[in-house]
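Only one structure is covered here, and it is reproduced in the block below.
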2 protein chains.
Amino acid sequence: MPAIPPSKPTRRPRADGERNRLLLIDAAKRIFAEKGAAASLEQVAREAKVSIASLYRHFPTRDDVISAVYRQEVDALIGAVDSLAATHDPEAALRAWLMLFVNFLDAKHGMAEAMNTLIGGPEDLYSKTPDRLVLPITALVGRAVEAGVCQPDVEPLDLLRALSGVATIRVTENWKSSAVRMVELLVAGMSTRTTGRDTR
Amino acid sequence: MPAIPPSKPTRRPRADGERNRLLLIDAAKRIFAEKGAAASLEQVAREAKVSIASLYRHFPTRDDVISAVYRQEVDALIGAVDSLAATHDPEAALRAWLMLFVNFLDAKHGMAEAMNTLIGGPEDLYSKTPDRLVLPITALVGRAVEAGVCQPDVEPLDLLRALSGVATIRVTENWKSSAVRMVELLVAGMSTRTTGRDTR
DNA sequence: TTGTTAAACGTAGGGTGTCTACGTTAATCT
DNA sequence: AGATTAACGTAGACACCCTACGTTTAACAA
């Protein structure tokens, strides 16, 4: 029988490996913020003073780098759901959380592009990368639907995708007010029973 | 007075130049549809059986290629505005045109990404590339505002950007129904007086 | 037809980026 | 201290972007 692999020494991870990993994430955060998520990975490695091979060893694909860079931000967004849900009614909570999302898009320049890889997967659970943003937005929309303040046929992730679309292009300084208006527009649209069976 | 520059032979454009230009556009259309608007320009040149230098001679920047490729499509969208405005009320015309926009996004795979360069400029007239899509969408929204069926503070281009955001990621086959729902959501949101003097 | 002109062409190459192969270094554990 | 092997960096194959430069050839004139 296939016994458990006998030797399982479980050596402690090497210190230099962990150190370089953090250096790389930190460098990528800076480079992505400056040049966007399509920036050169070689440049990231140079900034971290680590060889390009080490970068690929830690993060086999570009998406892995992106996920690592924005993990903190995504965690914060996820964490905010509970407190918002506790202190706001469903519609207000949804609006507030979308505003938070816009703020994150604003804080990190490269984030809007990066979102494509974070929310790009299919909307269901089959996504190969665990779309951790699916949970909060789905929960908030679900709560609003239960409360009867929004239509049930809206794909939650599409709200984020729409905001990303507005945020991807940010030639002007006032892009954020555009994004805020878009949040209001989306929330207003969701709370409207458009026409039921429209035009028919 | 500054006389007209004396020598103005105005030679007829060379046939091979025009031919290659068309070959390049045709090839780019195929490659972009398959690989997206970020595809290799060298591959486009190979597909067109033209040297890479000739590609750059005809289209100095990638955006020039994109503009040329989607010129027909954009023209069709622009042309549709008049007939829609003549046959539909303002809100229905806007909705119908946005649906048309979604259809174009559906027909050409690379178009959603390409939109970033076509509608990426600032929303005013200072855009360096003539954002020809600004005119139709602005006209349609303006008409709806005049008719009092939508709020005046929505940035027209943002509607297209939001739809592009939804369309950029199309892992599933049913992305189009998501886009259609998004159109309904946007139209519904616009027709709502969210915060101001509501219901009036 | 033949010659002139210059528009358009293709080859070649420098620079940058992606990703991998492979020999070397050094952190961990005995 | 010595053994083990995780992690490292150098180097290189390959693709792409973009330009310099010499060559070809379409358009026009004689």
Side-chain angles (χ1 to χ4, degrees), chain A residues 5-69 110 113-114 116-117, chain B residues 5-69 110 113-114 116-117:
Chain A
S7 70
K8 208 179 185 182
T10 61
R11 214 200 252 203
R12 168 154 44 102
R14 282 176 59 155
D16 55 349
E18 208 59 27
R19 174 178 54 81
N20 282 349
R21 184 189 156 80
L22 295 180
L23 284 174
L24 283 166
I25 292 177
D26 209 54
K29 205 170 288 194
R30 288 197 297 277
I31 300 290
F32 283 179
E34 184 185 354
K35 312 256 179 127
S40 158
L41 294 184
E42 278 194 343
Q43 192 178 352
V44 170
R46 282 194 298 269
E47 174 92 5
K49 297 198 168 97
V50 160
S51 75
I52 181 66
S54 282
L55 184 147
Y56 278 100
R57 198 171 299 113
H58 283 288
F59 309 104
T61 74
R62 175 179 233 95
D63 284 6
D64 290 327
V65 183
I66 294 174
S67 295
V69 163
E113 305 163 60
N116 285 351
T117 67
Chain B
S7 73
K8 208 182 185 181
T10 62
R11 209 197 244 195
R12 169 154 44 102
R14 283 177 56 157
D16 54 350
E18 208 59 26
R19 174 177 53 82
N20 282 349
R21 185 189 156 80
L22 296 180
L23 284 174
L24 283 166
I25 292 177
D26 209 55
K29 204 169 291 194
R30 287 196 296 276
I31 299 291
F32 283 179
E34 183 185 353
K35 311 257 180 125
S40 157
L41 295 184
E42 281 196 341
Q43 192 179 350
V44 170
R46 281 194 300 270
E47 173 92 6
K49 297 199 168 93
V50 159
S51 76
I52 182 65
S54 282
L55 184 148
Y56 278 98
R57 199 171 299 115
H58 283 289
F59 308 104
T61 74
R62 175 179 232 95
D63 284 7
D64 290 327
V65 183
I66 293 174
S67 295
V69 164
E113 304 163 59
N116 285 351
T117 68

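Reminder, nothing fancy here: chain letters follow the sequence lines and each chain counts from 1.
A:A53 comes within 4.0 angstrom of a nucleotide base, judged by non-hydrogen atoms across all strands. Contacts of B:R46 with the nucleic acid, taken as non-hydrogen atoms under 4.0 Å apart, involve only primed sugar atoms and P, OP1 or OP2. Counting non-hydrogen atoms under 4.0 angstrom, B:I52 reaches a base of the nucleic acid.
Following rounding to the nearest Å, A:R57 (CZ) and D:dG9 (P) show an atom-to-atom distance of 7 Å. Between the P atom of C:dT18 and the OH atom of A:Y56 lies a distance of 5 Å, rounded to the nearest Å. B:D64 places its CG atom 15 Å from the C1' atom of D:dC17, with the value rounded to the nearest Å. If you measure from atom CD of B:Q43 to atom P of D:dA15, you get 11 Å, rounded to the nearest angstrom. Between the CG atom of A:L55 and the P atom of C:dC19 there is a distance of 10 Å, rounded to whole Å. To the nearest angstrom, C1' of C:dC29 lies 13 Å from CZ of A:R14. We find that CZ of B:F59 is positioned 15 Å from P of D:dC18, with the value rounded to whole Å. B:H58 has its NE2 atom 12 Å from the C1' atom of C:dG10, to the nearest Å.
From B:I66, atom CD1 reaches atom NZ of B:K29 across 13.5 Å, with rounding to the nearest 0.5 Å. Here the straight-line distance linking atom CD of B:E18 with atom CG of B:N20 works out to 10.0 Å at 0.5 Å rounding. Here B:I31 contributes atom CD1 and B:L24 contributes atom CG; the two are 11.5 Å apart, rounded to the nearest 0.5 Å.
Below the 3.5 angstrom threshold, one finds a donor paired with an acceptor across the side chain of A:R11 and the base of D:dT4. Applying the 3.5 Å distance criterion, the base of C:dT18 shares no donor-acceptor pair with the side chain of A:R62.
Both A:S40 and B:N20 lie close to DNA chain C; mapped to their nearest nucleotides by heavy-atom distance, the more 5′-ward contact belongs to B:N20. Across the interface with DNA chain D, nearest-nucleotide mapping of B:A15 and B:P60 shows B:P60 to be the residue nearer the 5′ end.
Among C:dT18, C:dA8, C:dA27, the nucleotide with an atom closest to any side-chain atom of B:D16 is C:dA8.
One finds a side-chain N or O of B:S54 lying less than 4.0 angstrom from the OP1 or OP2 phosphate oxygen of C:dG10.
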Problem set entry | Worked check of side chain to side chain contact (heavy atoms under 4.5 Å, CB included) between A:F59 and A:L41 | CA-CA 10 Å; A:F59 309 104; A:L41 294 184; over 6 Å; no
For this session: Check step by step if side chain to side chain contact (heavy atoms under 4.5 Å, CB included) holds for B:L23 and B:D26.
Result: CA-CA 5 Å; B:L23 284 174; B:D26 209 55; 5.8 Å; no
